[in-house]
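A short write-up of the structure that comes next.
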Amino acid sequence: MDLTSKLQSNNPIFDNYLSCLPTNLTHRDMLTKYEKIPTYIYSESIEASIVVAAEIAELIREKQRKGQNFVIGLSTGSTQIRIYAELVRHHKEEGLSFKNVITFSLDEYYPMSSHSLKSYHQYIKTHLLNHIDILPQNIHIPDGTIILETVHDYCRDYEKKIADVGGIDMMLLGIGRTGHIGFNEPGSGRNTRTRIITLDPVTRQEDANQFQGFGNVPRRAITMGIDTILNGNTREIAGGDPFRVITGDFVTTEDGTGIVHTAPAFGADDYKVGKKHDIGILIMVDRQGKFTDYMGDLSGRYVKNYKDDPDYKDVDVEIAVGLKLKGQAFKIEKYEHNYPHCWRTDKPIIYYPLDAWFIRTTAVKDRMVELNKTINWKPKATGEGRFGNWLSNLVDWNLSRSRYWGTPLPVWATEDGSELKCIGSIAELMSEAHKANKVLGINQLLEGSLDLHKPYVDQIILVSDSGLPMQREPDLIDVWFDSGAMPYAQMHYPFENKNLFPEPVTSSSPLTNNIKHYGGAFPADFIAEGVDQTRGWFYTLHALGVMLFDSVAYKTVVSNGLVLDKNGNKMSKRHGNVIDPFLTIEKYSADATRWYLITNASPWDSLKFDLEGIKEVQRKYFGTLYNTYQFFALYANVDNFSFEESYIPVIERPEIDRWILSSLHTLIKNVTLQMEDYEPTAAGRAIEVFLDEQLSNWYVRLCRRRFWKGEYEHDKICAYQTLYECLETITLLMAPIAPFFADWMFQNLNGVTKRDTQTSVHLANYPEADESFIDEELEERMQLAQGISSLVLSIRKKVNIKVRQPLQKILIPVMDVHTRTQIEKIEDLIKSEVNIKDIEYLTETEGFIKKKLKPNFKTLGARMGAKMKSVAAAINQLNQAQISILEKDKAFGLQIGEEIIEISIEDVEIIAEDIPGWSVANKDNLTVALDITISPVLLEEGNARELVNRIQNIRKDNDYKVTDRIIVEIEEHQSINDSVRNYNDYICKEILADIISLVPSLSEGTDIEVNDETLKIFIKKTS
RNA sequence: GGUUCCUUAGCUCAAUGGAAGAGCAUUCGGUUGAUAAUCGAAAGACACAGGAUCGAUACCUGUAGGAACAGCCA
């Protein structure tokens, strides 16, 4: 091979090399881009490195003579390291200067573990250039050792690097003996190339073959033989052929080279891969955690210092030192590795291979997957994803535990294990024990002293069919088995209540598919537990249900999320962020806590728990509810309302009552729907909204006067009955979420009226929605009233006119008759709510109202497709005249480029955007204009109301009772004289004054301000 | 590393393949007849990057951050 020739892209070796590289690897980009640069290509070997280094040294000298730098682009790797080493040798022996050699790497090389690029360069400097003697000649690398080199395309900034060094003079490119293996790791987003370089000339062909067709396999495992450390014939002890390279799909190159050590005895993955490749099992640690006999000097030593021995010498260090002394260590370093620790003592734990009993759950795996699909999972994803995936990757259930406390395995075995008996009941055990007594001639006394726990049960000896003694298998049953057996154990099945369960699956009729209802005991309608139980309780219940009855064990399961602290961290005693539930309940009540937990987030979402949230619930929900109830109770007591009058048909009640009852039944419908769908959060929120926005903030507020004014007759009784029904229904609806408050309120209400025969809310029936109460049009127009009021209030706010100041009128543009009739029915309500005299409607008002079109994306989008954008823009740009044409013709031809596109009136929403000269507000398709001129008449009335307000405040300051009569004297003042005269009756009525008089001047009294004027006013009780 | 979930206003949460909505907090204002209460208004947000789509906060992929699981704990 011509080592110094300039490589062209038509060079077959170069092409071949390129074709090995993934297309999107930077390395390849670079080679393609800089193909004009002289490139050395060489087979990776010690010989090549010597030859290449000699040639480079010559080139360097040449440049050196001209006083130039020489830049080599290096794909860093082990051969390149040898080239460095050679150059260093030239430097030492022939005085070659290195000052003007600049190196950089195109990719990253990991000598046995991860290094950043920077630390790699450091590594080269310190280990190779300064201590060149460790490589390559002096290190002893045992036969069979493999160094694996991985390349990541981290080096995205190679362009910059090249610019920094002022271009490259030469590139060095090594081709490993076993070639390059390029692949894209699916889903990793990172392109990785792995090259295997063997330093062992006799690497077994079959090991290399492992990597053939490796293209799509993302990961690999490699065992490294270090049998020299062991005493004795380890191949024999292992019972396999352990010292070679095998592949496994669970090792990645993310944090290292992809070379890992494997120990089939100490990990499930390792075991599987070891078994597949028949490398046997070596157990070098005994059950005390000490090295076994054939570990030479290490025998008898603890693997880890889990006894807190102050004199403990770390065996890891000794092993490392030992390897180093023998010249077998390529590099030794410490790195972090996660492995389990005891949850109580924090001592290290090692996995250990033990004999165990298993349930062959894999035999019913498919059926479990299938039946799982019939379970209603909340949320769905947990059932399909987490649980479903887990079931499809199911392994056999390791049933036995080498513990002391628990349920003993009911299995007896002969000494050689060839005969087994599994006992199904105490009776069977007794009878078998008596049989053993007879056959074996022993005298076990069980009556009266039978204890089924360890160690007593272990003393019972049974006899096999062939007459041999049998001992109990010493292990216990996994406690999770107990939890999964709950449905049967709680009914003492099969000894009792057999009729509550289906026919069990038997060996003769393995799967019966008999999912039915059996006396209500099985399967469960609903269970709930933390999502962390997916592989615990949820699984064991399911497994036993399927294996015993070919049935699900539960029809619905809610897997709750976790309650985290307010910063989203798991609560843990160690971090001190635990909230004591008992203190919380003590302080904030169980109901507020429950309500907060339920309504704040869906049960399956993890919840950031914050006490502030509970306070808010207390204030917002329970405070409002309590106040509403208090309000009701106050007047109901005054009027002795006890629901003894006959129920007034809804049709005979005022509109506002019909409205709140309609909303109430809509609420019942929604809550029931949500509850049945296992969505308590949505249910609770619906109750909140009803209470706040409809009952308290609208119904009660608007109806206050009805409760305290007038005689106890029809209208008042309607109000009482209506509000009572709302409160009663709320207690029933909320009972599952807030059981105590609901019951308290229910009993208070029902205690008086005895409407319900039950004494507790929890015994009463859940409410059922009565469709005849529901009037959607009514609900819609109340919505309109709320919307319009809100808009008027917002205009008042904007122009700074307080609600107390009456205004003449509002204008509402209405585009259709329906809306108009709807609003007309609620005119009075709006007028009093926003303190205006009139409502006027604008219909055909071309030129008066400025309209705006809003394209209806849903209908248009489907039809327009790609033209949607330009159509929407065109619609937005239509002028008022064009809009009227559209309104008149119900259609309009839009000019889009060359094309005319027909749109219909249904394709747009028409909004009255503005009414020139008026103060306007709009939201969605509702627009309101307010007449903000304050006429003298209006001002008078406004001032009267101002006065009322001021006087009421003074009454309050003076601690007058609400029934106290007063007389009032006001100092004359230009701005209010007319008000006082013209509204004298009104003011008197409002403030319970017998007389209000204007006087020229007052010597005593209070200063008040009405519309920026200061007045003196004097009030006293008539007594 | 794997599987699954999450990321929307300062905070806690909605909704939606068609111009993002509440509550709390903040600011301003209103209100005797539920004043240890209550109402209104203002301001304020789709973690980031790609992709399919006429159109994405929503669907897909990736990145970042967070959580849970993978105990001979229950």
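A quick note: this is a predicted structure, and the numbers were derived from the prediction, not measured.
- Rounded to whole Å, atom P of rC24(B) lies 11 Å from atom CD of Glu688(A).
- Mapping Glu946(A) and Ser402(A) onto RNA chain B via the closest heavy atom, the residue that lands nearer the 5' end is Glu946(A).
- One C1' atom belongs to rU35(B), the other to rA58(B), and the distance between them is 45 Å to the nearest Å.
- A gap of 47 Å separates the C1' atoms of rC28(B) and rU61(B), to the nearest Å.
- If you check every strand for non-hydrogen atoms under 4.0 Å, Trp537(A) touches nothing.
- For the pair Lys454(A) (side chain) and Gly406(A) (backbone), a donor-acceptor distance under 3.5 Å is absent.
- Using modelled atom types, one finds no donor on one side chain facing an acceptor on the other under 3.5 Å when comparing Ser696(A) with Asn627(A).
- In terms of modelled atom types and a separation under 3.5 Å, the side chain of Asn835(A) and the main chain of Val803(A) share a donor-acceptor contact.
- Distance noted for atom P between rA49(B) and rA64(B): 15 Å (whole Å).
- Each of rC72(B), rA34(B), rG23(B) was ranked by its minimum atom distance to the side chain of Glu616(A); first place goes to rG23(B).
- Atoms CD1 and CG, from Ile359(A) and Leu399(A) in turn, are 4.5 Å apart once rounded to the nearest 0.5 Å.
- One N or O on the side chain of Thr361(A) and one on the backbone of Trp397(A) form a donor-acceptor pair closer than 3.5 Å.
- To the nearest whole angstrom, the two P atoms, one in rA47(B) and one in rA20(B), are 14 Å apart.
- When the P atom of rA74(B) is taken as reference, atom CH2 of Trp405(A) falls 14 Å away, rounded to whole Å.
- Closest contact between the side chain of Arg685(A) and the listed nucleotides rC72(B), rG40(B), rA14(B) involves rA14(B).
- One C1' atom belongs to rC60(B), the other to rG1(B), and the distance between them is 23 Å to the nearest Å.
- Only the C1' atoms considered, rA41(B) is 15 Å distant from rA22(B), to the nearest whole Å.
- The minimum heavy-atom distance between Phe707(A) and Asp639(A), with the atom names listed, is O-OD2, 4.0 Å.
- Comparing Glu693(A) and Thr681(A) by the nucleotide of RNA chain B whose heavy atom lies nearest to each, the residue mapping closer to the 5' end is Thr681(A).
- Rounded to whole Å, the distance from NZ on Lys615(A) to C1' on rC11(B) is 14 Å.
- In this structure a side-chain-to-backbone donor-acceptor pair under 3.5 Å is missing from Arg403(A) to Leu476(A).
- At the heavy-atom level, Val700(A) lies under 4.0 Å from base atoms of the strands shown.
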Discussion item. Between Asp692(A) and Lys620(A), does the salt bridge (charged side-chain N to carboxylate O under 4.0 Å, His left out) criterion hold? Intermediate values first, please.
Written reply: CA-CA 8 Å; Asp692(A) 183 51; Lys620(A) 190 92 189 117; 3.7 Å; yes
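- Using C1' as the reference atom, rC73(B) and rG62(B) are 38 Å apart when rounded to the nearest Å.
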Item to complete: Determine which bases of RNA chain B form Watson-Crick or G-U wobble pairs with both distances under 3.5 Å, and write the result as a 5' to 3' dot-bracket string with | for other-strand partners.
Response: .((((((..((((....[..)))).(((((.......)))))....(((((..]....))))))))))).....
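- The CD atom of Glu679(A) sits 10 Å away from the P atom of rA14(B) (whole-angstrom rounding).
- Between Arg796(A) and rG30(B) there is no side-chain N or O to OP1 or OP2 distance below 4.0 Å.
- One can place CG of Leu634(A) at 13 Å from P of rG33(B), the figure rounded to the nearest angstrom.
- Within 6.0 Å of atom CD in Glu679(A), more than 12 heavy atoms from other residues, nucleotides or ligands are found, so the atom counts as buried in its surroundings.
- Atom pair Asp482(A):CG and rA74(B):P shows a separation of 9 Å (rounding to whole Å applied).
- As a whole-Å value, the separation of Glu529(A) CD from rA68(B) C1' is 14 Å.
- Arg706(A) places no side-chain N or O within 3.5 Å of a backbone atom of Lys716(A) that could act as its donor or acceptor partner.
- Residues Glu473(A) and Trp357(A) have side chains that bring a donor and an acceptor to within less than 3.5 angstrom of each other.
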For nucleotides 36-39 of chain B, print each protein N/O atom paired with a nucleotide N/O atom at under 3.5 Å, atom names and distance only.
unit_1  : atom_1 : unit_2    : atom_2 : d
rA37(B) : O2'    : Asn627(A) : ND2    : 3.4

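- For rG33(B), neither phosphate oxygen OP1 nor OP2 lies less than 4.0 angstrom from any side-chain nitrogen or oxygen of Tyr635(A).
- The distance between atom OH of Tyr539(A) and atom P of rA74(B), rounded to the nearest whole Å, is 17 Å.
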